[in-house]
Novice: 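My questions all concern the structure below.
Whatever order the structure lists them in is the order used to number ligands and atoms, beginning at 1. Numbers for residues simply follow the sequence, beginning at 1. No hydrogens, no waters, no symmetry mates; every other heavy atom, side chains included, goes into these values.
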Amino acid sequence: MNSPIPSSEITPKQAYLSRRDFIKAAGILAGSMALAACAPDLLNAPASDPAELTTSAKTDELGDPLNSHKDIINYNNYYEFTTDKEGVARLAQNFPTSPWDVEVSGLVKTPRKFGVEDLIKSFPPEERIYRLRCVEAWSMVIPWLGFPLSKLLNLVEPTSAAKYVRFETVFKPAEMPGLKEPWYPWPYQEGLRLDEAMHDLTFLATGLYGGELPAQSGGGIRLVVPWKYGFKSIKAIVKIELTAEQPATMWSAIAPNEYGFYANVNPAVDHPRWSQASERRIGELARRDTLPFNGYAEQVASLYEGMDLAKNY
Ligand code: MTE
């Protein structure tokens, strides 16, 4: 269960190779959040294919070291497979992530279905080294590959009536055993305000550590919103819809008093059942203080000017 799964076993070899070759050919563009402009380097993390483990930096912009590829792909939250974080990788190992289509519809001028392979060709992968802070108070530092969500939204041209963006995860009960649990209102869905969605930090990931995005990490394509609790970063997206009203989200439907729509990382507002003041970085023993907006306050706090973030949690 703990051994890393070769990428070639997760994605059909043909598709995997073409995606990887493309990433190599395009070169990895260092993202705006990766401060240390180190040369691409192999990390020491054990993995099945060391050739994949390329990244433009060894730390994030706060100097925090990256988590290993092994940690990132073996400790996951993905309830469609299981609630056991260390069991997701095994259950997801045969889940096909390529080809993968995502449909963008709703209040847009040109609704369209996109193939992820085509999106990767249109938007050469950038690397973004982001901290991911789960609402359960653990965290990781992950080098994603992908492109800002705004690039995709600009292609479909939201109309002036569009105020929110709704995201939906694929629903495949035959392949995702967790979907048999009847007490979750599947499919997993999430949402952002349009200005949050258009923010440059808001990212669609199609790879990590210079390679492909394995199924357990949200392949074919997943959202990454680094200043919000990890549950906003919805995996395996098949639908993106622009709406006028604030969309329902799975976690706020289950427990509205515990998981709000905004879910901005906020050490001053505790979860009703635990403190949010500190977190356990996977791979470290001591706890770290949790930072407002997960350390991205300078970039995003202005989005919430005038809002009471204790009420809009
Ligand atoms: N997306 C889907 N579809 N299903 C999930 O269960 N879990 C969320 C988020 N996206 C989840 C999801 C939670 S709670 C977290 S913390 C992150 O994914 C974890 O991402 P990771 O497994 O890549 O670290």
Novice: In the protein, which heavy atom is nearest to atom 6 (O) of ligand 1, and how far is it?
Specialist: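 That would be Tyr79 N, 2.7 Å.
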Novice: When you compare ligand 1 with Trp144, is there at least one nitrogen or oxygen pair between them that comes in under 3.5 angstrom?
Specialist: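 It does not: no N or O of Trp144 is found under 3.5 Å from an N or O of ligand 1.
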Novice: Select one of side chain, backbone, both or neither to describe which atoms of Met140 lie under 4.0 Å from any atom of ligand 1, heavy atoms only.
Specialist: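 Within the 4.0 Å criterion, Met140 makes no contact with ligand 1.
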Novice: Regarding Lys85 and Asn76, do their side chains bring together a donor and an acceptor under 3.5 Å, going by distance alone?
Specialist: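 No.
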Novice: So does Asp60 get a backbone contact from the side chain of Asp64, meaning a donor-acceptor N/O pair under 3.5 Å?
Specialist: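 Pair absent, no side-chain N/O of Asp64 close to backbone of Asp60.
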Novice: Out of Glu284, Arg133, Arg281, which residue meets the side chain to side chain donor-acceptor pair (under 3.5 Å) rule with Ser139?
Specialist: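 For Ser139, the side chain to side chain donor-acceptor pair (under 3.5 Å) test succeeds with only one of Glu284, Arg133, Arg281, which is Arg281.
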Novice: Determine the minimum heavy-atom distance between Leu66 and Pro143, stating which atoms define it.
Specialist: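 Here Leu66 and Pro143 meet closest at CD1-CG, 3.8 Å.
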Novice: For the residue pair Tyr259 and Trp251, is the inter-centroid distance of their aromatic rings smaller than 6.0 Å?
Specialist: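 Yes.
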Novice: I'd like to check the side chain to side chain contact (heavy atoms under 4.5 Å, CB included) partners of Val108; sequence neighbours left out, ordered by chain and number.
Specialist: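 Once residues adjacent in sequence are excluded, the partners of Val108 under the side chain to side chain contact (heavy atoms under 4.5 Å, CB included) criterion are Pro111, Val156, Leu242.
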Novice: Below 4.0 angstrom from a heavy atom of Tyr78, which ligand 1 atoms are there? Numbered from 1 as shown, please.
Specialist: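 Per the distance check, 3 (N), 4 (N), 5 (C), 6 (O).
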Novice: For ligand 1 and Glu80, I'd like to know whether there is a polar contact (N/O to N/O, distance under 3.5 Å).
Specialist: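 By distance alone, the answer is yes.
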Novice: For Lys311, does the NZ atom have more than 12 heavy-atom neighbours from other residues, nucleotides or ligands under 6.0 Å away?
Specialist: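 No, not enclosed.
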Novice: For ligand 1, which atoms have a heavy atom of Asn76 less than 4.0 angstrom away?
Specialist: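 Under 4.0 Å from Asn76, ligand 1 has these atoms: 21 (P), 22 (O), 23 (O).
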Novice: Counting non-hydrogen protein atoms only, what is the nearest one to atom 17 (C) of ligand 1? Give residue, atom name and distance.
Specialist: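 I find the closest protein heavy atom is Gly230 O, 3.6 Å.
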Novice: Hey, looking at atom 13 (C) of ligand 1, which of Asn77, Val224, Leu208, Thr169 has the closest heavy atom?
Specialist: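 Considering heavy atoms of Asn77, Val224, Leu208, Thr169, the nearest to atom 13 (C) of ligand 1 sits in Asn77.
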Novice: Hey, does Arg222 sit under 4.0 Å from ligand 1 if you only count heavy atoms?
Specialist: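 In this structure, Arg222 qualifies as a contact of ligand 1 - some heavy atom is under 4.0 Å.
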Novice: Note the single closest protein heavy atom to atom 16 (S) of ligand 1, along with its residue, its atom name and the distance in Å.
Specialist: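 So the nearest neighbour among protein heavy atoms is Cys134 SG, 3.3 Å.
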Novice: Sub-3.5 Å donor-acceptor pair from the side chain of Tyr229 to the main-chain atoms of Asn266, do we have one?
Specialist: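 Answer holds: yes.
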Novice: Is there a polar contact, in the sense of an N or O pair closer than 3.5 Å, between Lys235 and ligand 1?
Specialist: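 Lys235 vs ligand 1: N/O contact under 3.5 Å present.
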Novice: Does Ser233 have a heavy atom less than 4.0 Å from any atom of ligand 1?
Specialist: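 Flag set, Ser233 near ligand 1.
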Novice: Mind listing the side-chain donor-acceptor pairs of residues 230-238 below 3.5 Å, one per line with the distance, residues two or more places apart or on another chain?
Specialist:
residue : atom : partner : partner atom : Å
Lys232  : NZ   : Glu190  : OE1          : 2.7
Lys232  : NZ   : Gly191  : O            : 2.8
Lys232  : NZ   : Phe261  : O            : 2.5
Ser233  : OG   : Val225  : N            : 3.1
Lys235  : NZ   : Asn77   : O            : 2.8
Lys235  : NZ   : Gln216  : O            : 2.8

Novice: Where does Tyr188 meet ligand 1, judged by heavy-atom distances below 4.0 Å: at the side chain, the backbone, both, or neither?
Specialist: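 Only the side chain of Tyr188 comes within reach of ligand 1.
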